[in-house]
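This report refers to the structure that appears directly beneath it.
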Amino acid sequence: MAPREQTLVSFLQEAGVFYFSGRLIGKGEKMKTKEQFAADLEKQFGEYLDRNSIFHLIEVPKQPEHGDLAFPCYPLAGKMRRNPALIAQKAANELETNDYEKVEAVGAYLNVFLNKQQTANAILQKIIQEEQNYGNSQGGQGEVVAIDMSSPNIAKPFSLGHLRSTVIGNSLALIAEKCGYKTVRINHLGDWGTQFGKLIAAYKKWGSEEKVKKNTIKELLALYIRFHEEAEQSPELEEEGRFWFKQLEEGDEDAEALWKWFREESLREFDKIYKLLGISFDSDEGEAFYNDKMQHIIDVLTEKQLLTESEGAMVVELSEDNLPPCLIKKSDGATLYATRDLAAAVYRRETYQFSKSVYVVGNEQSLHFQQLKAVLRKMDYSWWEDIRHVSFGMILKEGKKMSTRKGKVVLLEDILQEAIELAKNNIEEKNPGLADKQSVAETVGVGAVIFHDLKNHRHNDIEFSLEDMLRVEGETGPYVQYTFARACSLLRKGEYQPAADEVIGCDLEAWPVVKLLDVFPTVVHRAAEQDDPSQIAKYVIDLAQAFNKYYAGTRILEEGKWKGQRLGLTFAVSVVLEEGLRLLGITAPEEM
RNA sequence: GGCUCCAUAGCUCAGGGGAUAGAGCAAUGGUUUCCUAAACCAUGUGUCGCAGGUUCGAAUCCUGCUGGGGCCA
């Protein structure tokens, strides 16, 4: 276990939160009840199982008719040499029933039903008091997480792969912040490489300033493609490209001015997307930034005698790690990705003093990151362990990797615009009186695209489907947003005022909702531990489904003694849905 | 060839030792004089890729195999 995680665990334990076998149980009534249940069982079975083992065995049944907590008696059967069903039966009879609503033996299981009034009141009060701070923790206090995310290539379209990196990285940052960490979002732009030599050459031949200004990415991409097409006929073009890259490397004014200009214009276009996504960065120091920081790396490697020569190139041998050698310098003296990333890692460590450095980069680069860590370890940087490659699957088209070539790419910006357009049509159709239609449409359209990306585990490849991305019904972002908007509408119409001292009860219909609300902090922790935003996306769907079911069956605004309580529940749901969406980087509109 | 990831309903995916394997989409039918129908309800579907092993118990853990993706030479 990494040191950082140890601090987290010990902190949580101090705070009264308990951590058992990777499962984090939030502080609160339910946990106390689980503890209590374990203690009660220990009284009966202490000579066969200790309390900790009992606690482990207790589970939350999938079927509600099996109660809120359950204890399987199979393990006892072996030790006691008795039929497990009989053990369960006997335990049910002997268990003090006044602490629980109901205790039941079903087969080998001992099922326990909690006191709904009491439990619900505790959970709902907590949420009503804490509001958006519900689920916060302080495990990362004083620590910094650096997150390498997005990192598109200059002069190329913003691909869907970069979208994944962007939204996953942003969500991980938000989750880390909720756990008390400081974060640094780094946009490691692909702004260097031989392709810029080619681009400069192509621009000098065929480019137009006006066109590039008007439509930067498309124009630059067209120039790049034309360069490759023409180079097939006239190979001397390649030579020209190399010449201009050399000029660029040597600081030729003309070349540098063009490069800077390409970079700025591209960034300006990317910013439109980032603005729509609601994401900003703390640093956009890309590959070029490390040009003057690589020699230092080579010096250190040389000094530590880690470099070996292989076919004219300089490499770090990693056979002891069962890895191929890491190329540091090519035979022509040019440095490589690895060298640049080493320089970046060192720079980030010195600049941010991170306790964790995360790279949200595709699966296909996992070997590269293994090598990076191995080399850092050999360089005696103790923090090599704090580097984490958070990988994700690819976007596929017809089962294959999407090709960026030939200009036949789907532009993210077009997808976003289409999603927004669709949302706008829906508003016109369903809620034409809505104020601020455009901004709600943006929120919902963008929400659909982000949620679609985050709802499944990062590791899975995604088959590209515009239809799926734009879907707004079922397990989607707009579904959750809609549920939130409905809850807000109820609170407005019911003129809900939070009353901290009011006791909030719970009927049978609301119980599944309450149980889900209780579990939110646990879900946030799991998402943080596993670097997995999909945990939160799935949770928020579950909660929305549970609330919609409740809504369909119960008249929340009906006058009467329970109205205030139903609104209290509605408020708690709205708080958690909004916060859950926020952690995914999605805004929840109050009306839609 | 080496390393790695994946395989669950027609499709997209949950579930990561325990009770009858679940959602969404798609299909069909129903629900609005009533809190936003982007909703809710009902109906059908499974050799959990194959074969062994561990266990009282395996979709879940281990090994092997098959098929697919990716990375490296």
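Below, read A as the first sequence line, B as the second, and so on, with proteins coming before strands; counting in each chain starts at 1.
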Could you pull out the protein-nucleic contacts involving nucleotides 57-61 of chain B (nitrogen or oxygen on both sides, under 3.5 Å)?
none

- [ ] Classify the nucleic acid contact of A:Pro84 as base, sugar-phosphate or nothing, counting any heavy atom under 4.0 Å across all strands shown.
- [x] nothing

Task: Short side-chain donor-acceptor distance under 3.5 Å, A:Ser357 and A:Asp386 - done: no

- [ ] With the side chain of A:Tyr482 defined as its heavy atoms from C-beta on, choose the nearest nucleotide among B:A19, B:A37, B:A14.
- [x] B:A37

Open item on the list: Under 4.0 Å, counting only non-hydrogen atoms across every strand here, what does A:Thr554 touch: a base, just sugar-phosphate, or nothing?
Closed with: base

- [ ] Could you check which residues of residues 466-476 of chain A get a heavy atom under 4.0 Å from RNA chain B? Sort them by number, please.
- [x] A:Arg471, A:Val472, A:Glu473, A:Gly474, A:Glu475

Polar pairs (N or O, both sides) under 3.5 Å between protein and nucleotides 30-34 of chain B?
unit_1: B:C34; atom_1: O2'; unit_2: A:Arg555; atom_2: NH1; d: 3.2
unit_1: B:C34; atom_1: O2'; unit_2: A:Arg555; atom_2: NH2; d: 2.4
unit_1: B:C34; atom_1: O2; unit_2: A:Arg555; atom_2: NH1; d: 3.3

TODO: Identify whether any heavy atom of A:Ala70 sits under 4.0 Å from a base atom; if not, whether one sits that close to sugar-phosphate; answer base, sugar-phosphate or nothing.
DONE: base

TODO: Output the single nucleotide from B:C56, B:C40, B:A38 whose closest atom is nearest the side chain of A:Tyr74.
DONE: B:C56

Open item on the list: What contact category does A:His368 fall into here, base, sugar-phosphate, or nothing, at under 4.0 angstrom with non-hydrogen atoms?
Closed with: nothing

TODO: Measure from OH on A:Tyr550 to C1' on B:A39 and round the result to the nearest Å.
DONE: 16 Å

TODO: Cation-pi check, A:Arg388 to A:Tyr359: give yes when NZ or CZ is under 6.0 Å from the six-membered ring centre and within 45° of the ring axis, no otherwise.
DONE: no

Open item on the list: Can you tell me which nucleotide in B:G69, B:C72, B:G70 comes closest to the side chain of A:Asp461?
Closed with: B:G69

Open item on the list: Over all strands shown, is A:Ala485 touching base, sugar-phosphate only, or nothing at heavy-atom distances under 4.0 angstrom?
Closed with: base

Open item on the list: Base, sugar-phosphate or nothing for A:Met394? Non-hydrogen atoms, less than 4.0 Å.
Closed with: sugar-phosphate

Open item on the list: Does B:C40 have OP1 or OP2 under 4.0 Å away from a side-chain N or O of A:Tyr479?
Closed with: yes

Task: Candidate nucleotides B:U36, B:C71, B:A38, ranked by approach to the side chain of A:Ser489 - the nearest - done: B:U36

Task: A:Val106, nearest nucleotide to its side chain (from B:C41, B:A19, B:G70) - done: B:A19

Open item on the list: Let me confirm one number: the CG-CG distance from A:Asn426 to A:Asn431, rounded to the nearest 0.5 Å.
Closed with: 11.0 Å

Task: Among B:G15, B:A39, B:U36, the nucleotide that comes nearest once only the side chain of A:Lys538 is considered - done: B:G15

Open item on the list: Quick check on B:G30: syn or anti? Syn means the glycosidic torsion is within 90 degrees of zero.
Closed with: anti

Task: Along RNA chain B (nearest heavy atom to each residue), the more 5'-positioned of A:Asn456 and A:Asn111 - done: A:Asn456

Open item on the list: Just to be sure I understand the rule, does A:Ile427 reach a base, reach only the sugar-phosphate, or reach nothing, if contact means heavy atoms closer than 4.0 Å?
Closed with: base

- [ ] May I ask you to list the residues of residues 435-452 of chain A, by number, that have any heavy atom positioned under 4.0 Å from an atom of RNA chain B?
- [x] A:Val444

Task: Nearest listed nucleotide, side chain of A:His66, among B:A19, B:C72, B:A14 - done: B:A19

Between the protein and nucleotides 1-8 of chain B, which nitrogen or oxygen pairs are less than 3.5 angstrom apart?
none

TODO: Show your reasoning for whether salt bridge (Lys or Arg N to Asp or Glu O under 4.0 Å) applies to A:Arg471 and A:Glu467.
DONE: CA-CA 6 Å; A:Arg471 186 159 276 147; A:Glu467 203 190 327; 3.4 Å; yes

- [ ] Would you classify A:Asn425 as touching base, sugar-phosphate or nothing, given that sugar-phosphate means primed atoms plus P, OP1 and OP2, and contacts are heavy atoms under 4.0 Å?
- [x] nothing

- [ ] Please check the phosphate of B:A38 (OP1 and OP2 only) for any side-chain N or O of A:Lys430 closer than 4.0 Å.
- [x] yes

- [ ] Would you sketch RNA chain B in dot-bracket for me? Only Watson-Crick or G-U wobble pairs with both distances under 3.5 Å count, crossing pairs as [ ], other-strand pairs as |, the rest as dots.
- [x] (((((((..((((....[...)))).(((((.......))))).....(((((..]....)))))))))))).

- [ ] Return the 5'-most residue of the pair A:Ile541, A:Glu590 with respect to RNA chain B, ranking by each residue's nearest nucleotide.
- [x] A:Ile541

Task: Ring centre gap for A:Phe113 and A:Tyr100 strictly below 6.0 Å - done: no

Task: Parallel, tilted or perpendicular: ring planes of A:Phe71 versus A:Phe45, cut at 30 and 60 degrees - done: parallel

